[in-house]
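Report on the following structure.
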Amino acid sequence: MHLRVTAPIAAWTFTIGVALVIASCGSAAPSPVVTSQPTPGEGSAWLRLTITQAIPPIDQFAIGPAAVITGDGVYVTAGPIPAIFPGPVMPNLVGRRISDTGRARIIDEARRLGLLAGQTDFTGGAAVPGAMMARIELSVGGAPVVLTGDPNAQVQCITTPCDAPPGTPAAFAALWSTLAFPDAWLGRDLGPEGPFVAGAYALLIGAAPVPQAGLGARLMNWPLDVPLATFGVPVASGTARCGIASGADADVIRPSLERADQLTQWVQDPTTSATFGITIRPIIAGEDPCAEAFGGG
């Protein structure tokens, strides 16, 4: 649910860049990949790529991971978004199975690039305050490893995977690029691509989007029993509310979220005048976007 309805589209595209969208376009779309996510905080990711930046929490909330490999082996990335306005408010996630061999190749590549020798900070000591930084969380031998660095550090991609001096900021950027665009080198270890259906959604509820001239009002009824005005908990100095729809609630609300667009105004009762906007973060592998963006848990 949201304070700024346009944020999800921009945020997911920004996180991974245009190239990820292009990378997803060439794949066929066979049967959907469906995973169960009953509650936030449960389960874990084997791999997670995220972007951090000194921006307001409301904006940070909308930025989903660039890529995730779930504990049960589903590689989740962002798919293409229609170049239309108003566009969909639900992020377009795609998933595919990755083999055990594929996961082993990722570990081998991180080791080849000198990123598993104990050092974890690959910013090079030159990070500008507030600049965009990247974080790679990876499970190595059952133990978590967290690497940070600049995803845009200069790196030569003459080969696939990319070449870079081991243990350098460029090596971090090379691994990031490799993991964000897995088709180029993990093709035979990846299953067919299909829509990723999350089992839970973090929703940021706030002011309704401003209607656009000539497009008319776009009202959608809130389908859950809990009132819109009391869903979740207050955040952002009380200007918004953040909560989780999981289990049966996620199944009930999913069709409405999939139909909503950037100008959708949500109402609890069509006969009342109160309208709201919603930002959506599908929950992948136990995330809790409300806690991550606004604190608490």
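In what follows, every heavy atom counts, from backbone to side chain, and hydrogens, waters and symmetry copies are set aside. This chain uses plain numbering: 1 for the first residue, then up along the sequence.
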Can you confirm whether [X] sits close enough to [Y] that some side-chain heavy atom of one is under 4.5 Å from a side-chain heavy atom of the other?
{"X": "Ser256", "Y": "Trp266", "result": "yes"}
{"X": "Ile253", "Y": "Leu203", "result": "yes"}
{"X": "Thr120", "Y": "Val146", "result": "no"}
{"X": "Met133", "Y": "Asp150", "result": "yes"}
{"X": "Thr50", "Y": "Glu137", "result": "yes"}
{"X": "Arg103", "Y": "Leu47", "result": "no"}
{"X": "Ile55", "Y": "Ile63", "result": "yes"}
{"X": "Ile284", "Y": "Val74", "result": "no"}

[X] side-chain N/O to [Y] backbone N/O, donor-acceptor pair under 3.5 Å:
{"X": "Arg112", "Y": "Pro166", "value": "no"}
{"X": "Gln262", "Y": "Pro86", "value": "no"}
{"X": "Arg135", "Y": "Arg48", "value": "no"}

### Task
Report the C-alpha separation of Val89 and Thr264 in whole Å, then their side-chain angles, then the decisive distance to 0.1 Å, and conclude whether the side chain to side chain contact (heavy atoms under 4.5 Å, CB included) test is met.
CA-CA 9 Å; Val89 73; Thr264 296; over 6 Å; no
### Task
With side chain to side chain contact (heavy atoms under 4.5 Å, CB included) as the test, would you mind laying out the steps for Ile98 and Ile106 before giving the verdict?
CA-CA 11 Å; Ile98 179 172; Ile106 290 174; 4.0 Å; yes
Heavy-atom closest pair, residues [X] and [Y]:
{"X": "Ile107", "Y": "Leu116", "answer": "O-CD1, 3.8 Å"}
{"X": "Ala62", "Y": "Thr279", "answer": "CB-CG2, 3.9 Å"}
{"X": "Phe61", "Y": "Ala202", "answer": "CZ-O, 3.6 Å"}
{"X": "Pro211", "Y": "Gln265", "answer": "CG-NE2, 3.3 Å"}
{"X": "Ala229", "Y": "Arg241", "answer": "O-CD, 3.3 Å"}
{"X": "Ala164", "Y": "Ala174", "answer": "CB-CB, 4.2 Å"}

Hey, what do you get for [atom1] ([X]) to [atom2] ([Y]), rounding to the nearest 0.5 Å?
{"X": "Phe294", "Y": "Ile58", "atom1": "CZ", "atom2": "CD1", "value": "5.0 Å"}
{"X": "Arg96", "Y": "Asp183", "atom1": "CZ", "atom2": "CG", "value": "4.5 Å"}
{"X": "Gln268", "Y": "Leu224", "atom1": "CD", "atom2": "CG", "value": "8.5 Å"}
{"X": "Ile278", "Y": "Phe276", "atom1": "CD1", "atom2": "CZ", "value": "9.5 Å"}
{"X": "Asn92", "Y": "Thr77", "atom1": "CG", "atom2": "OG1", "value": "9.0 Å"}
{"X": "Ile280", "Y": "Leu257", "atom1": "CD1", "atom2": "CG", "value": "4.0 Å"}

### Message
Using the salt bridge (charged side-chain N to carboxylate O under 4.0 Å, His left out) criterion, which residues pair with Asp249? Sequence neighbours excluded.
### Response
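If we apply the salt bridge (charged side-chain N to carboxylate O under 4.0 Å, His left out) test to Asp249, skipping adjacent residues, there are no hits.
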### Message
Tell me which one of Leu147, Asn152, Leu49 satisfies side chain to side chain contact (heavy atoms under 4.5 Å, CB included) with Trp176.
### Response
Leu49
### Message
The test is side chain to side chain contact (heavy atoms under 4.5 Å, CB included); show your working for Trp46 and Leu138 and say whether it passes.
### Response
CA-CA 6 Å; Trp46 185 84; Leu138 181 64; 3.7 Å; yes
### Task
Begin from the C-alpha positions of Arg188 and Thr101 and carry the test side chain to side chain contact (heavy atoms under 4.5 Å, CB included) through to its verdict.
CA-CA 10 Å; Arg188 68 178 183 273; Thr101 300; over 6 Å; no
### Task
Give the ring-plane orientation class for Phe172 versus Phe122, where under 30° counts as parallel, over 60° as perpendicular and anything between as tilted.
parallel
